[in-house]
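Quick note on labels: first sequence line is chain A, next is B, and so on, each numbered from 1.
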Protein chains: 2
Amino acid sequence: MPAEKTTQKARSDSARAALLKAGRKLFGKNGFLSTSVNDVAAAAGMSKSGLLHHFSSKAALFEAVFEEEEKRLVAQVAADAAEAPGAEARMKRGARALLDALNDPVSRQITLIDGPAVLGWTKWRKIEAEHGIALIQATLEEARSEGSLSSLPGAAFSRMFLSALHEGAFSIIEDKSQRPAVEAMLDQMIGGLFEQG
Amino acid sequence: MPAEKTTQKARSDSARAALLKAGRKLFGKNGFLSTSVNDVAAAAGMSKSGLLHHFSSKAALFEAVFEEEEKRLVAQVAADAAEAPGAEARMKRGARALLDALNDPVSRQITLIDGPAVLGWTKWRKIEAEHGIALIQATLEEARSEGSLSSLPGAAFSRMFLSALHEGAFSIIEDKSQRPAVEAMLDQMIGGLFEQG
DNA sequence: TTATTTACCGACTAATGGTCTGTAACTTAC
DNA sequence: GTAAGTTACAGACCATTAGTCGGTAAATAA
């Protein structure tokens, strides 16, 4: 690799990436409260001031980490679900994929535990809506255009479903034997929707 | 009111009560992060040291506030639900009562938003299980002894149901017109349980 | 080549959670 | 009733930490 003259954008980008990576690791492991700006900066090989140059505050850094994590999760779920044929099957498959993804305590800490408290309910909700909820809604739209669902349920359904899914993930983490019961419950919620559709 | 010689227990009790009241108010209004120990102590007419004499830390104070709030909510819901005849009706009635109770932003902030982040997931879960979940489970037990439910669902059901309920409350707060959809969804979850029971 | 902007550092400030020491009021032992 | 012990606080102090403020060196624009 030639010693290339580092452009500012490159430096900036790689610094940001390092900060996001370190932030994800530390926030995810120790939680927002127990992680100091200094810790994150140090883990990214930088001073606190450097970090605050890229992100205006600790909360702003967390928000960026949170949004990245949300994107990652949704992409993963969507990719897995895409393999299933038909919207109903994709819903069920996606649910299982998210149950798996939320096994990761880092993901849980960031998206479900610290998220609402740090960002505030309103912003948390907004970001969730743009990612997770949007995926569910899109799948339901597909279902309708496939003809397997006549009336599109309101946003409340997607949220309640996703919330039950989150909680199911927690239940499974505490007691793995609950997984079939959780999946059954989710399938029933989905099924009920498609029956009456 | 005669100037009674204040016993220590009386002083202590009223001080604790004042701190809990002030804590609920401030934590509920501004969130845990934005509330200082000093603020709470001052609002309770006391110094920071006084507060820390009664509660070993800021988190300990929050935990006490949280648990009190949880008790309050459950008592309120249980009292309302008790009027309905039959376990299934009590479930549906209780769900509506909680939707109403969670209209209060103070209750929401404390129990749903700050709770998990401040107490940590494990402790939050444990306290929730002792109150909210316990009420649901008890009602389901009643249903079985009434004969309207043969197989008792596992804890996962109660949690997922409660979680959907919480989320439904949020949806309604954002858009009141969603209330019927939310209630329908909850009733369906309950109904599905009793049908197959 | 000069001027400006950008990435970053070190020193400082302000706020805050928690500790330590002291004191007055209450309580228990005698 | 009084001495000894305990309890409910207050105030001073300490350590951590989020965020600000110059300053410097590298990169970019003029």
Side-chain angles (χ1 to χ4, degrees), chain A residues 2-27 29-66 114 117-120 123, chain B residues 2-27 29-66 114 117-120 123:
Chain A
E4 41 213 326
K5 109 193 199 136
T6 55
T7 168
Q8 289 210 121
K9 180 172 188 325
R11 267 215 296 174
S12 180
D13 284 355
S14 81
R16 269 186 69 99
L19 288 168
L20 287 173
K21 187 175 170 186
R24 178 183 130 90
K25 184 175 168 185
L26 294 177
F27 286 143
K29 185 175 180 184
N30 307 322
F32 181 83
L33 273 170
S34 305
T35 303
S36 76
V37 176
N38 223 327
D39 292 343
V40 179
M46 181 182 293
S47 73
K48 188 177 56 163
S49 310
L51 186 156
L52 288 168
H53 172 69
H54 289 282
F55 298 95
S56 61
S57 70
K58 186 185 177 187
L61 169 65
F62 178 85
E63 184 177 342
V65 169
F66 174 82
D114 279 335
V118 174
L119 302 177
K123 190 177 282 180
Chain B
E4 40 213 322
K5 113 192 194 122
T6 57
T7 167
Q8 290 212 118
K9 181 170 187 329
R11 266 214 299 173
S12 181
D13 284 356
S14 83
R16 270 187 69 99
L19 289 167
L20 288 173
K21 187 175 171 186
R24 179 184 129 90
K25 183 175 170 185
L26 294 177
F27 287 143
K29 185 175 181 184
N30 307 322
F32 181 83
L33 274 169
S34 305
T35 302
S36 76
V37 176
N38 225 327
D39 292 343
V40 178
M46 184 183 292
S47 74
K48 188 176 57 161
S49 309
L51 188 157
L52 288 168
H53 172 70
H54 288 283
F55 298 95
S56 61
S57 71
K58 187 186 177 186
L61 169 64
F62 178 85
E63 184 178 341
V65 169
F66 174 82
D114 280 334
V118 174
L119 302 178
K123 190 177 282 181

Please give, in whole Å, the distance from [N] [atom2] to [X] [atom1]?
X: A/Phe55; N: C/dC8; atom1: CZ; atom2: C1'; result: 15 Å
X: B/Leu26; N: C/dT16; atom1: CG; atom2: P; result: 13 Å
X: B/Leu61; N: C/dG18; atom1: CG; atom2: P; result: 11 Å
X: A/Met46; N: C/dC9; atom1: CE; atom2: P; result: 6 Å
X: B/Leu33; N: C/dT16; atom1: CG; atom2: C1'; result: 12 Å
X: B/Asn30; N: C/dT16; atom1: CG; atom2: P; result: 12 Å
X: A/Asp39; N: D/dT17; atom1: CG; atom2: P; result: 7 Å
X: B/Gln8; N: C/dC26; atom1: CD; atom2: P; result: 8 Å

DNA chain C contacts made by residues 9-24 of chain B, counting heavy atoms under 4.0 Å: none

So, OP1 or OP2 of [N]: does either fall under 4.0 Å of a side-chain N or O from [X]?
X: B/His53; N: D/dC9; result: no
X: A/His54; N: C/dT6; result: no
X: A/Thr7; N: D/dT28; result: yes

Using every non-hydrogen atom in the two residues, find where [X] and [Y] come nearest and quote the distance to one decimal.
X: B/Val37; Y: B/Leu51; value: O-CD1, 3.7 Å
X: B/Leu119; Y: B/Ala59; value: CD2-O, 4.5 Å
X: A/Ala64; Y: A/Phe55; value: CB-CE2, 3.7 Å

Closest listed nucleotide, where the reference is the side chain of B/Ser36 and the choices are D/dC9, D/dA18, C/dT16: C/dT16

Nucleotide nearest B/Lys58 when distance is taken to its side chain, options C/dT27, C/dG17, C/dA7: C/dG17

Test side chain to side chain contact (heavy atoms under 4.5 Å, CB included) applied to B/Phe27 and B/Val118, step by step: CA-CA 11 Å; B/Phe27 287 143; B/Val118 174; over 6 Å; no

Quick one: label B/Ser56 by what it contacts on the DNA or RNA (base, sugar-phosphate, nothing), any heavy atom closer than 4.0 Å. nothing

Tell me which pairs pass salt bridge (Lys or Arg N to Asp or Glu O under 4.0 Å) where either residue lies in residues 11-22 of chain A, with sequence neighbours left out. A/Lys9-A/Asp13

In terms of the nearest nucleotide of DNA chain C, which residue is placed more toward the 5' end: B/Leu52 or A/Gly45? A/Gly45

Listing time: all N or O pairs from protein to nucleotides 1-5 of chain D that are below 3.5 Å?
none

For B/Ala22, side-chain contact (heavy atoms from CB on, under 4.5 Å) partners two or more places apart: B/Val40, B/Ala43, B/Ala44

Dump the pairs, protein N or O against N or O of nucleotides 10-12 of chain C, anything under 3.5 Å, distances to one decimal.
residue : atom : partner : partner atom : Å
C/dG10  : N7   : A/Ser49 : OG           : 3.2
C/dG10  : O6   : A/Ser49 : OG           : 2.5

Enumerate the residue pairs fulfilling side chain to side chain donor-acceptor pair (under 3.5 Å) with a member in residues 48-65 of chain A, sequence neighbours excluded, ordered by first and then second residue. A/Glu63-A/Lys123

